[in-house]
Amino acid sequence: MGKAAAPKKNWAKKDWIYPHRHLLGIEGLSKQDITRILDLAEGFIEKNRQIDKKYPILKGRTLINLFFENSTRTRMSFELAGKRLGADVINMSVATSSVKKGETLIDTAMTLNAMHPDFITMRHPESGAVHLLSRKVNCSVINAGDGSHEHPTQALLDALTIRRKKGRIEGLTVAICGDILHSRVARSNILLLNAMGAKVRIIAPPTLMPPQPEKLGVKVFNDMRKGLKDCDVVMTLRLKTEYMENSFVPSSREYFHFWGLDEEKMSYAKKDAIILDPGPIIRGLQIDSKLADDIGRSMILDQVEMGVAVRQAVLEILSHTLQTK
Ligand code: CP
């Protein structure tokens with residue numbers, strides 16, 4: 001296998017510097033910020049396919065992963081991203097931590113801060129919890145998903161997946177379908193896609209639509225076929241049942257019939273349309289199993305691959321911010 005070239009450090013050009021100490025959301029990022037993060041991530045992809053995947057650019061740095069909700073993709077990819085860049089990575093197990101003895105989030109944050117980490121990634125069920133943490137610590141904080149608010153690295157990896165497959169984001173029509181109401185992935189994607197000049201549609205039953213959805217800068221549809229018509233990108237979302245106190249849908253069968261992505265509904269999108277899903281996918285509920293496995297159209301595993309590269313880029317950019325603060 002050939003040696004991969006070092007990632008292009010476009011972010012370090014004098015005309016741009018990442019303007020924040022943290023990555024708390026897509027909100028507050030410009031088109032240029034997003035583009036530079038994607039450009040840097042692009043440079044890690046080939047290296048991650050080699051036998052030697054390491055660039056020791058975070059040697060001596062410490063990353064703590066603090067997940068108050070379950071995760072496979074985000075936690076694993078932050079761990080891999082940190083390790084491949086040479087950082088020491090600690091995964092705090094909330095289930096076996098002193099949180100279970102009643103320690104508050106603030107006290108947990110201050111305790112971790114006293115150990116001088118350089119980065120903390122946090123996932124938490126409460127919207128705003130990551131902002132709160134960022135005000136209590138000296139290191140960079142990365143939002144790995146807070147309630148129904150934001151999941152910025154998911155939107156960045158989705159954007160990288162789309163850009164690599166379609167060659168651009170601007171001008172594309174992207175339909176986000178399913179449980180928009182509870183989805184931090186939808187919110188971050190809407191912000192990012194709007195910033196990048198895509199045309200965004202959201203498709204959901206009325207019970208799973210956020211209040212005043214038009215204010216998000218999207219076109220709103222309550223019909224899958226109308227919403228998918230001539231789309232370039234279709235993004236399906238899981239029903240976030242862990243956020244639902246009551247039942248928001250009559251039955252799984254009925255939900256799939258009206259709102260699940262299948263071959264027939266997909267035929268309304270453009271012929272070369274691609275399918276994204278942040279995962280975990282619930283086969284036969286938000287998406288038909290065959291479509292999810294259709295490697296010509298389904299980008300689900302590409303998204304996972306891009307997740308590591310995007311998180312490497314974010315860590316590297318924030319490490320530069322730390323050096324200059
Ligand atoms: N997409 C995503 O956030 O997946 P995980 O919950 O597995 O991290």
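We use all heavy atoms of the structure for the numbers below, so side chains are in, but hydrogens, waters and symmetry mates are not. For ligands, and for the atoms within them, numbers begin at 1 and follow the listed sequence.
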Gly279 near ligand 1 by a heavy-atom separation under 4.0 Å: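 Yes, Gly279 has a heavy atom closer than 4.0 Å to ligand 1.
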Heavy atom of Gln303, distance to ligand 1 below 4.0 Å: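 So Gln303 does not count as touching ligand 1.
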Proximal atoms of ligand 1 relative to [X] (non-hydrogen, under 4.0 Å):
X	value
Thr72	5 (P), 7 (O), 8 (O)
Thr74	2 (C), 3 (O), 4 (O), 5 (P), 8 (O)
Gln154	1 (N), 2 (C)

Glu69, portion touching ligand 1 at heavy-atom distance under 4.0 Å: neither
Would you please say whether a donor-acceptor pair under 3.5 Å links the side chains of Asp158 and Thr161? no
Check the side chains of Glu242 and Asn70 for a donor-acceptor pair under 3.5 angstrom, ignoring hydrogens and angles.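 Glu242 and Asn70 do not have a side-chain donor-acceptor pair below 3.5 Å.
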With sequence neighbours excluded, residues passing salt bridge (Lys or Arg N to Asp or Glu O under 4.0 Å) with Arg201: none
Can you check which of Pro278, Ser71, Pro280 brings a heavy atom nearest to atom 1 (N) of ligand 1? Pro278
Which protein heavy atom lies closest to atom 6 (O) of ligand 1, and at what distance to 0.1 Å?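 Nearest neighbour among protein heavy atoms for atom 6 (O) of ligand 1, to 0.1 Å: Arg123 NH1, 2.9 Å.
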Could you check atom 4 (O) of ligand 1 against the protein and tell me its nearest heavy-atom contact, residue, atom and distance included?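 The closest one turns out to be Arg73 NE, 3.0 Å.
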Check whether any side-chain heavy atom of Cys177 sits under 4.5 Å from a side-chain heavy atom of Phe221, and report yes or no. no
Side-chain atoms of residues 166-174: list all donor-acceptor pairs with protein atoms under 3.5 Å, sequence neighbours left out, distances to 0.1 Å.
{"from": "Lys166", "atom 1": "NZ", "to": "Asp272", "atom 2": "O", "distance (Å)": "2.7"}
{"from": "Arg168", "atom 1": "NH1", "to": "Glu170", "atom 2": "O", "distance (Å)": "2.8"}
{"from": "Glu170", "atom 1": "OE1", "to": "Lys31", "atom 2": "NZ", "distance (Å)": "3.2"}

Nitrogen or oxygen of Arg75 less than 3.5 angstrom from that of ligand 1: no
Rounded to the nearest 0.5 Å, what's the gap from CG on Asp88 to CZ on Arg61? Could you check? 11.5 Å
For the pair Phe44 and Tyr55, name the ring-plane relationship: parallel under 30°, tilted 30 to 60°, perpendicular over 60°. perpendicular
